[in-house]
Amino acid sequence: LARSYGRPPRIIPVLDYPVALAEKMAAWNERRLIRDLYDIWFYLRMGVSPDVPTLEKRLAKPEYSRRIKQSDRFKGKTAAVFYTYLREAAQTLTDESIQVELSDYLPAEEIAGLAMRFRAELVKL
């Protein structure tokens, strides 16, 4: 493609899906953004399982956003405990809370029922 536009070819490094999912889970832990949950949901729908060593490495040394209160931080170390923590957090989601954060990215008809779909996929962890 690049050559057809007179540009030199480029190699674009990408992560394996399991590693990318683990990184996205760790990012959600550190930032608590619904867009991170959306990406997690997307990977899980594709049948991707997170790379446990990558996830546990990130969970061991999180770099929390200033907006995450000390009391809301994940205290565990293992992926299995984190999955439970993530599922419990998803129980508090509503379509309205998703709408607030993702309305610039998704049309309203795609947001409807998304909280329930998030929970349904997270159960598979």
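What you see is a predicted model, and the numbers here were worked out from it, not measured in a lab. We're numbering straight along the sequence, starting at 1.
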Backbone N or O of [Y] within a donor-acceptor pair of the [X] side chain at under 3.5 Å?
X	Y	value
Thr94	Ser97	yes
Arg119	Leu93	yes
Asp16	Val19	no

Discussion item. When you measure from the centre of the six-membered ring of Trp28, is the NZ or CZ of Arg31 closer than 6.0 Å and no more than 45° off the axis?
Written reply: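 No, cation not above the ring by the 6.0 Å, 45° rule.
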Discussion item. Between Arg58 and Glu63 (salt bridge meaning N to carboxylate O under 4.0 Å), is one present in this structure?
Written reply: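 No, no charged N to carboxylate O under 4.0 Å.
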Practice prompt. Measure across Leu21 and Ser49 and return the closest heavy-atom pair with its distance rounded to 0.1 Å.
Written response: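 Looking at all heavy atoms of both residues, the shortest contact is CD2-C, 3.9 Å.
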Worksheet entry | Nearest heavy atoms of Glu56 and Lys77, plus distance in Å |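 Reported closest heavy-atom pair: CG-O, 3.8 Å.
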Worksheet item: So, Asp72 and Tyr64: side-chain donor and acceptor under 3.5 Å apart, yes or no?
Response: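 On atom types as modelled, these side chains do not qualify, holding no pair under 3.5 Å.
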Rounded to the nearest 0.5 Å, how far apart are [atom1] of [X] and [atom2] of [Y]?
X	Y	atom1	atom2	value
Tyr43	Met25	OH	CE	11.5 Å
Lys24	Leu15	NZ	CG	11.0 Å
Leu114	Leu37	CG	CG	9.5 Å

Discussion item. Within a 6.0 Å radius of atom NZ on Lys75, are there more than 12 heavy atoms belonging to other residues, nucleotides or ligands?
Written reply: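 Enclosed: over 12 neighbouring heavy atoms sit under 6.0 Å from NZ of Lys75.
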Practice prompt. Anything under 30° is parallel, anything over 60° is perpendicular, the rest tilted; go ahead and classify Trp41 against Phe118.
Written response: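 Ring orientation of Trp41 relative to Phe118: tilted.
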Discussion item. Over 60° means perpendicular and under 30° means parallel, so tell me whether Tyr85 and Phe74 are parallel, tilted or perpendicular.
Written reply: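 Tilted, since the angle between the ring planes falls between 30° and 60°.
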Discussion item. Contact between Arg32 and Ile68 at the side-chain level, heavy atoms closer than 4.5 Å - yes or no?
Written reply: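 When only atoms from C-beta onward are counted, Ile68 and Arg32 do touch, with a gap below 4.5 Å.
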Discussion item. With heavy-atom distances below 4.5 Å as the criterion, would you say the side chains of Arg3 and Pro9 are in contact?
Written reply: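 Yes - at least one pair of side-chain heavy atoms lies under 4.5 Å apart.
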